[in-house]
**Student:** 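Input: one structure, supplied below.
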Amino acid sequence: MQRHTGREMWDDECQSPRMGSVILGVDGGASNTVCVCIPAAMPFADPLPVLSRTVAGCSNHNSVGEDRARETLDRVMTQALLKARRRRSNVCAVCLAVAGVNHPIDQQRMLDWLRELFPSHVKLFVENDAVAALASGTMGKLHGCVLIAGTGTIAYGFTSDGREARAAGAGPVLGDWGSGYGISAQALTAVVRAYDGRGPETVLTNNILDFLGLASPDELIGWTYEDQSWARIADLLPVVVESAEHGDEVANKILHNSVGELASSVKAVVRRLELGGEDGKHPFPLVMVGKVLEANKRWDIGKEVIDCVTRSYPGAYPIHPKVEPAVGAALLAWNAIASELDGDLRTVA
């Protein structure tokens, strides 16, 4: 099959007939990258109109390198426009919300690259992926706190006057405990410790070996280091949860510790921004996003985190978004340019 570069795909796509103005929203995490294309003349209907949706691999430059990350972002945006039968001249705004964008230098480098891809009239926005996740629960409004716990984890918050703060999100080397990677890495460590006599016996040993198709804990070393991608390690999360649900003390301890880590990230952000007011009772949204926070048969990490947070900040009210973070990214862009759109392009409910 012939392979095209991102630039070639853009050039091919430019042959499409001109149609209505659109906005692109991109959510780039440690596991995959999602792009949605929505109409600029967008009524706030339920469900929100999505013209196209495309998925590609990881676009975190800290994980896969800058060149590969840009190739992935280029491809996913190109495919979304092709599926929606739009071209670059139809785009009025793009919001990239990507893991690994942690500094203004990261943002500016990404903005400069985007400007090479899109015409000068296109409004460009670059944020950390946590910002889009928050927006997915607040319909594009930046206020409150979001907790992401998927392959990685981060807590991010905004006040109504624009102040912001974050906690965690520094990657696995610097301790994203509570993430899918962090939980799974601790489980692998527990298996090795049990095998060589430094730790208690655990059903994690048999469960993880069966899941991976390995015969002995000795083989875990080769499996772990042959491919150290964060998402691959994080895929062991269901095995850890299942082991805990069957009463394994080691697995339960890992999950209990993870609840504490995730809750402490949220509380650090809330405390710094004073989202709960002086008494902690001031209401604010707490948006919960990520596979770690999804309920299981007996273990509900998300609920445990909420219970822990609301004991200190009873004003926090949890939101489980009805739309995905990529749509949140598109809504951020839409809200940012809404006042600039012509009346015939906007329909506000």
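Reckoned from all heavy atoms, side chains included, excluding hydrogens, waters and symmetry mates.
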**Student:** Heavy atoms, side chains only, cut-off 4.5 Å: are Pro321 and Val287 in contact?
**Tutor:** yes
**Student:** Determine whether Val34 and Leu134 fall in the same hydrophobic cluster, where Ile, Leu, Val, Met, Phe, Trp and Tyr are linked whenever their side-chain heavy atoms lie under 4.5 Å apart.
**Tutor:**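 Each belongs to a different hydrophobic cluster.
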**Student:** Under a single-linkage definition using a 4.5 Å side-chain heavy-atom cutoff for Ile, Leu, Val, Met, Phe, Trp and Tyr, are Ile319 and Val269 assigned to the same hydrophobic cluster?
**Tutor:** no
**Student:** Looking only at heavy atoms, what is the nearest atom pair of Ile301 and Val292, with distance?
**Tutor:** CB-O, 3.5 Å
**Student:** Donor-acceptor check, side chain of His282 to backbone of Glu278, threshold 3.5 angstrom: yes or no?
**Tutor:**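 Side chain of His282 to backbone of Glu278, a donor-acceptor pair under 3.5 Å: no, none is there.
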**Student:** Just wondering, do Glu245 and Asn252 contact through their side chains at under 4.5 Å, heavy atoms?
**Tutor:** no
**Student:** Sequence neighbours left out, what passes salt bridge (Lys or Arg N to Asp or Glu O under 4.0 Å) with Asp210? Give chain and number order.
**Tutor:**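 Salt bridge (Lys or Arg N to Asp or Glu O under 4.0 Å) check on Asp210 returns nothing, list empty.
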**Student:** Can any side-chain N or O of Asp27 pair as donor or acceptor with the backbone N or O of Gly25 at less than 3.5 Å?
**Tutor:**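 Side chain of Asp27 to backbone of Gly25: no pair is present.
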**Student:** Is any NZ, NE, NH1 or NH2 atom of the basic residue among Glu201 and Arg193 found under 4.0 Å from an Asp or Glu carboxylate oxygen of the other?
**Tutor:** no
**Student:** Looking at Ser265 and Ala167, would you say the former's side chain and the latter's main chain have a donor-acceptor pair under 3.5 Å?
**Tutor:**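 Side chain of Ser265 to backbone of Ala167: no pair is present.
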**Student:** Looking at every non-hydrogen atom in both residues, tell me the closest pair between Leu24 and Cys35 and how far apart they are.
**Tutor:**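 Minimum heavy-atom contact is CD2-SG, 4.1 Å.
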**Student:** Quick one: does Glu261's side chain have a donor or acceptor within less than 3.5 Å of a partner on Gly178's backbone?
**Tutor:** no
**Student:** Is Asp248 reaching over with its side chain to a backbone N or O of Thr202, donor-acceptor style, under 3.5 angstrom?
**Tutor:**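 Looks like no, no N/O pair under 3.5 Å.
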**Student:** Treating Arg232 as the side-chain partner and Asp227 as the backbone partner, does any N or O pair qualify as donor plus acceptor under 3.5 Å?
**Tutor:** yes
**Student:** Inspect the contact between Asp196 and Arg198 and indicate whether a charged nitrogen and a carboxylate oxygen are less than 4.0 angstrom apart.
**Tutor:** yes
**Student:** Verify the distance criterion only: is there a donor paired with an acceptor across the side chains of Asp176 and Thr153 at less than 3.5 Å?
**Tutor:** no
**Student:** Quick one: closest heavy-atom pair of Val22 and Cys37, and the distance?
**Tutor:** CB-SG, 3.6 Å
**Student:** Does any part of the side chain of Pro119, heavy atoms only, come nearer than 4.5 Å to the side chain of Arg88, both counted from C-beta?
**Tutor:**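 The answer is yes; the side chains approach within 4.5 Å.
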**Student:** Between Arg166 and Gly169 (side chain of the first, backbone of the second, donor and acceptor by atom type, cut-off under 3.5 Å), is there such a pair?
**Tutor:**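 Side chain of Arg166 to backbone of Gly169, a donor-acceptor pair under 3.5 Å: yes, one is there.
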**Student:** Side chains of Asp106 and His103: does their closest heavy-atom pair fall under 4.5 Å?
**Tutor:**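 SC-SC contact between Asp106 and His103 confirmed.
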**Student:** Under a 4.5 Å side-chain heavy-atom rule over Ile, Leu, Val, Met, Phe, Trp and Tyr, are Val98 and Ile148 clustered together?
**Tutor:** no
**Student:** Closer than 3.5 angstrom, by distance alone: can the side chain of Ser184 be matched with the main-chain N or O of Tyr181 as a donor-acceptor pair?
**Tutor:**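 Not a single qualifying donor-acceptor pair exists.
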**Student:** Answer yes if the side chains of Gln108 and Asp112 hold a donor-acceptor pair under 3.5 Å, and no otherwise.
**Tutor:** yes
**Student:** Taking NZ, NE, NH1 and NH2 as the nitrogens, is one of them in Lys303 or Asp307 under 4.0 Å from a carboxylate oxygen of the other?
**Tutor:** yes
**Student:** Can you see which heavy atom on Val266 is nearest to which on Ala155, and at what distance?
**Tutor:**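 Smallest interatomic distance, heavy atoms only, reads N-CB, 4.0 Å.
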**Student:** Could you please spell out the steps behind the side-chain contact (heavy atoms from CB on, under 4.5 Å) verdict for Val76 and Val55?
**Tutor:** CA-CA 6 Å; Val76 79; Val55 183; 5.7 Å; no
**Student:** If you draw a 6.0 Å radius around CD in Glu219, do more than 12 non-hydrogen atoms from other residues or ligands fall strictly inside?
**Tutor:**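 Above 12, so yes.
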**Student:** Could you walk me through whether Tyr317 and Leu286 satisfy the side-chain contact (heavy atoms from CB on, under 4.5 Å) test, starting with their C-alpha distance in whole Å, then the side-chain angles of each, then the deciding distance to 0.1 Å, before giving a yes or no?
**Tutor:** CA-CA 6 Å; Tyr317 56 92; Leu286 174 56; over 6 Å; no
**Student:** How about Val94 and Phe125: do any of their side-chain heavy atoms sit closer than 4.5 Å?
**Tutor:**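 Not touching, per the 4.5 Å side-chain cut-off.
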**Student:** Does Val327 reach the side chain of Ile38, with side-chain heavy atoms less than 4.5 Å apart?
**Tutor:**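 Not touching, per the 4.5 Å side-chain cut-off.
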**Student:** Quick one, Arg85 and Leu51 - any side-chain contact, counting heavy atoms below 4.5 Å?
**Tutor:**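 SC-SC contact between Arg85 and Leu51 ruled out.
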**Student:** With a 4.5 Å cut-off on side-chain heavy-atom distances among I, L, V, M, F, W and Y, is there a chain of contacts connecting Phe158 to Leu331?
**Tutor:**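 Per the 4.5 Å side-chain linkage, Phe158 and Leu331 are not co-clustered.
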**Student:** Return yes if some donor-acceptor pair links the side-chain N/O of Ser179 with the main-chain N/O of Ala149 below 3.5 Å, else return no.
**Tutor:** no
**Student:** When rounded to the nearest 0.5 angstrom, what is the spacing between CH2 in Trp299 and CD in Glu294?
**Tutor:** 15.5 Å
**Student:** So, does Thr33 use its side chain to make a donor-acceptor pair with the main chain of Gly57 at under 3.5 Å?
**Tutor:**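 Checking the backbone N and O of Gly57 against the side chain of Thr33, a donor-acceptor pair under 3.5 Å is found.
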**Student:** Considering the options Thr189, Leu188, Ile254, which one meets the side chain to side chain contact (heavy atoms under 4.5 Å, CB included) requirement together with Leu204?
**Tutor:** Ile254
**Student:** When you check the side-chain N and O atoms of Ser243 and Asn207, is any donor under 3.5 Å from an acceptor?
**Tutor:** yes
